[in-house]
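Let me begin by presenting the structure, written as structure tokens, before commenting on it.
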Amino acid sequence: VFVRELSGLTDMEIQLQSILGISKVVILPQDSDEIPAVKSHIGKEAARLLEALFGRCKKIAVTGGSTMAAISKELSIGKPDRTLQFIAARGGLGEDVLHQANTIAAAFAEKTGGSFKTLYLPDHLSAEAFAMMMKEPVIKEMMDLYDQTDVVVHGIGNAEEMAVRRHSSLEEVEKIRSGGAVSEAFGYYFDKDGKIVYRIRTAGIQLEQVQKASTILAVAGGGSKARAILSYFNNAPTPTVLITDEGAARKILELT
Ligand code: F6P
């Protein structure tokens, strides 16, 4: 606590809470862009916050990404809790396997003794295939689970970087660019004002379902994500808690 106060992190947390319009921001020292261990620190903090919810929150939707993977490495609970259920927030297969929502959901379940629900679908379905898929009972079952989600844990990324990481088609990249997308979270791309400019055509949690969750943990750090974080929080659900680092926080304060 003393170190945090000395370094002004507590003040920065209060400033960011008001800038982003949310009730809680946790800032870890240093910048994960420069020091990779900082991402593990973000993961550890997010893991502790999530573990504290396990008593009353049982259905937890999770997205993919390296920051989410850092949380799964840090989860540890005393005794296995079979009542926990981790749900992959998206069916996407576009990313590296280790960083897919499906893999993360399985890893969270393994660490906690809970169960998991995955959804294996390509990231880029045609309109016809998408319409057909949505009628499938397994997809309907996922959609019902998203409706009952208590907690959503998700990463935030830079829009263009995510389009590349997902091997998006030229047509998609064009939509993302021309729409002025700055950030990406759970398959949605947002412009600088937080307006949705594009959404990946695959089955996944809807923004309205995220908004219905009682707690949302957003995990993203590094100075390079400052613009993306600002963009996302222009329209983010208020029960969101942001777990970030000093690198992102300082840059956000500079930009605002
Ligand atoms: O692809 C899953 C995802 O959570 C995206 O929604 C987000 O933009 C990205 O990963 C964040 O990835 P990372 O934590 O590796 O920066």
Side-chain angles (χ1 to χ4, degrees), residues 28 31-47 50 60-74 86-108 118-124 146 151-168 172-173 176 181-191 194 196-207 209-210 216-233 236-237 240 242-245 247-248 251:
L28 282 305
D31 187 332
S32 52
D33 283 347
E34 285 154 21
I35 305 164
V38 177
K39 196 175 274 188
S40 312
H41 302 159
I42 294 177
K44 193 169 201 159
E45 183 64 31
L50 182 61
I60 298 144
V62 299
T63 69
S66 61
T67 321
M68 289 296 299
I71 304 180
S72 72
K73 292 202 188 87
E74 302 292 341
F86 296 93
I87 310 151
R90 277 194 337 109
L93 289 177
E95 280 213 68
D96 172 32
V97 174
L98 283 178
H99 291 163
Q100 284 170 16
N102 287 323
T103 314
I104 305 279
F108 275 43
T118 49
L119 182 60
Y120 289 93
L121 278 184
D123 244 359
H124 313 284
Y146 294 144
V151 180
V152 178
V153 193
H154 70 87
I156 301 171
N158 286 317
E160 290 230 4
E161 243 176 81
M162 287 313 297
V164 172
R165 216 162 93 176
R166 290 182 171 140
H167 312 288
S168 304
E172 282 180 297
V173 171
I176 290 164
V182 178
S183 62
E184 191 282 344
F186 34 80
Y188 287 82
Y189 288 83
F190 305 88
D191 71 6
I196 300 166
V197 294
Y198 183 68
R199 190 187 172 197
I200 294 182
R201 206 188 280 137
T202 187
I205 197 164
Q206 314 280 314
L207 191 57
Q209 291 168 318
V210 176
I216 303 149
L217 303 182
V219 287
S224 61
K225 281 197 188 176
R227 275 176 212 283
I229 294 171
L230 265 176
S231 138
Y232 176 72
F233 278 96
T240 306
L242 170 68
I243 302 107
T244 188
D245 62 22
K251 193 75 203 283

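Since this is a predicted model, take the numbers as computed values, not measurements. Atoms within a ligand are numbered from 1 in the order they appear, just like the ligands themselves.
- A side-chain contact (heavy atoms from CB on, under 4.5 Å) with Y189 is found for exactly one of E160, M162, R199, namely M162.
- Remark: S72 pairs with A107, F108 by the side-chain contact (heavy atoms from CB on, under 4.5 Å) rule, at least two apart or across chains.
- There is a side-chain donor-acceptor pair under 3.5 Å between Y198 and E172.
- Judged by distance alone, the side chains of K39 and S66 do bring a donor and an acceptor atom under 3.5 Å apart.
- When ring centroids are compared, H154 and Y232 come within the 6.0 Å threshold.
- Each of T63, G64, G65, S66, T67, E95, G155, I156, G157, M162, R165, R166, E184, A185, F186, K225 has a non-hydrogen atom positioned under 4.0 Å from some atom of ligand 1.
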> Can you list the steps and then say if V153 with I71 is a side-chain contact (heavy atoms from CB on, under 4.5 Å)?
Replying inline: CA-CA 10 Å; V153 193; I71 304 180; 3.8 Å; yes

